[in-house]
Trainee: 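Supplied in structure tokens, the structure appears directly below.
It should be emphasised that the depicted structure is a prediction, and the values quoted were computed from it without experimental measurement.
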Amino acid sequence: MRKLPRPFYDRDTIAVARELLGKHLVHVERGRERVGRIVEVEAYLGPHDRAAHSSRGLTDRTKVMFGPPGHAYVYLIYGMYYCMNVVTEREGHASAVLLRAIEPVKNIVGRAQGPGLLCKAMHIDNRLNAHDLLSSDFYIAAPPRTERFEIVKRPRVGVDYAGPWAKRPLRFYIKGNPFISRP
DNA sequence: TGCACGATGAAC
DNA sequence: TTCATCGTGCAC
């Protein structure tokens, strides 16, 4: 497994988001390895991005976004699902990439289309918040072989409150992939 | 200390 | 379109 190094995450958030497509998300729990191929993501650019949690400042919940790149930002949404982000860019920049859907690769039970279902299928919860993605039990890696694909750009989902930021095409997914959360 | 509100998903 | 369900953030 070619685990993505710290410098991969310490870059422009849109570039990181696009390059996360096709990579493998790996979670090893009690010796059981679950693997999903990332097929859909969203970029959250920082405190100036009104759709980003970090736009409401540094709080106990969002402090992970303000931390160093290459860490997981996991939070509870609607009291019933978890969402997982990857923190990007230099410490203090407070940007991240939301993982929205994976294609099952190994030990995935049920659908993983949508950020809530992705976390459920990968057994990701708040215990993994702030977890270092350069660890040995929770990380992202480049698969041995990667086929070519086209990337589709769309506005992000569920951020209508963000004014002009709601219309920016910051959602990216693999064209034609059957495991994306919605067209 | 109280309360409105989600970067969702499923049912109707 | 409605609802389940609860931690977070901010108003009192």
Trainee: Roughly, in whole Å, what's the span from CG in Leu118(A) to C1' in dG9(B)?
Mentor: 14 Å
Trainee: Quick one: what's the B/S/- string for nucleotides 4-12 of chain C, heavy-atom cutoff under 4.0 Å, read 5' to 3'?
Mentor: BBBSSSS--
Trainee: To the closest 0.5 Å, what do you measure between CD (Glu91(A)) and NE2 (His71(A))?
Mentor: 8.5 Å
Trainee: What is the distance from CG of Asn85(A) to P of dG6(B), rounded to the nearest Å?
Mentor: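 After rounding, the reported distance stands at 17 Å.
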Trainee: Round to a whole Å and report the spacing from CG of Leu117(A) to C1' of dA10(B).
Mentor: 10 Å
Trainee: Assign Asn126(A) to base, sugar-phosphate, or nothing according to its heavy-atom contacts below 4.0 angstrom with the strands shown.
Mentor: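 No contact at all - Asn126(A) keeps every heavy atom at 4.0 Å or more from the nucleic acid.
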Trainee: Using whole Å, report how far CD of Glu40(A) lies from P of dT8(B).
Mentor: 11 Å
Trainee: Base, sugar-phosphate alone, or nothing: which one does Met84(A) contact when heavy atoms must sit under 4.0 Å apart?
Mentor: nothing
Trainee: Just how far, in rounded Å, is C1' of dA7(B) from CZ of Arg182(A)?
Mentor: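 Going from CZ in Arg182(A) over to C1' in dA7(B) covers 11 Å.
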Trainee: Measure from CG on Asp160(A) to C1' on dT8(B) and round the result to the nearest Å.
Mentor: 14 Å
Trainee: Between Ala96(A) and Lys120(A), just flag the one whose closest nucleotide in DNA chain B comes earlier from the 5' side.
Mentor: Ala96(A)
Trainee: Would you say the side chain of Glu19(A) lies within less than 4.5 Å of the side chain of Arg11(A), judging by non-hydrogen atoms?
Mentor: yes
Trainee: Could you tell me how far apart Arg154(A) (CZ) and dA7(B) (C1') are, to the nearest whole angstrom?
Mentor: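 Distance check: Arg154(A) CZ to dA7(B) C1' gives 19 Å.
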Trainee: Between Tyr82(A) and dA7(B), is there a contact of a side-chain N or O with OP1 or OP2 at under 4.0 Å?
Mentor: no
Trainee: Hey, is the main chain of Pro183(A) close enough, under 3.5 Å, to the side chain of Tyr173(A) for a donor-acceptor pair?
Mentor: yes
Trainee: Start with the C-alpha gap between Thr13(A) and Val97(A), add the side-chain angles, then the distance that decides, and say whether side-chain contact (heavy atoms from CB on, under 4.5 Å) holds.
Mentor: CA-CA 7 Å; Thr13(A) 303; Val97(A) 175; 3.9 Å; yes
Trainee: With pairs taken as Watson-Crick or G-U wobble and both distances under 3.5 angstrom, which stems of at least three consecutive pairs involve DNA chain B?
Mentor: B:1-6 with C:6-11, B:8-11 with C:1-4
Trainee: Within the structure provided, determine whether Asn129(A) and Tyr73(A) are in side-chain contact (heavy-atom separation under 4.5 Å).
Mentor: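 The answer is yes; the side chains approach within 4.5 Å.
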Trainee: Using only side-chain N and O atoms of Arg171(A), determine if any of them is under 4.0 Å from OP1 or OP2 of dA7(B).
Mentor: no
Trainee: Given side chains that start at C-beta, do those of Thr62(A) and Tyr75(A) come closer than 4.5 Å, heavy atoms only?
Mentor: no
Trainee: State whether Tyr44(A) and Arg156(A) meet the cation-pi test: NZ (Lys) or CZ (Arg) under 6.0 Å from the six-membered ring centroid, and within 45° of the perpendicular axis.
Mentor: yes
Trainee: Going by distance alone, is a donor N or O of one side chain under 3.5 Å from an acceptor N or O of the other, for Thr88(A) and Ser95(A)?
Mentor: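 Present: a donor and an acceptor within the cut-off.
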Trainee: Would you call Arg18(A) and Lys153(A) a side-chain contact if the rule is heavy atoms closer than 4.5 Å?
Mentor: yes
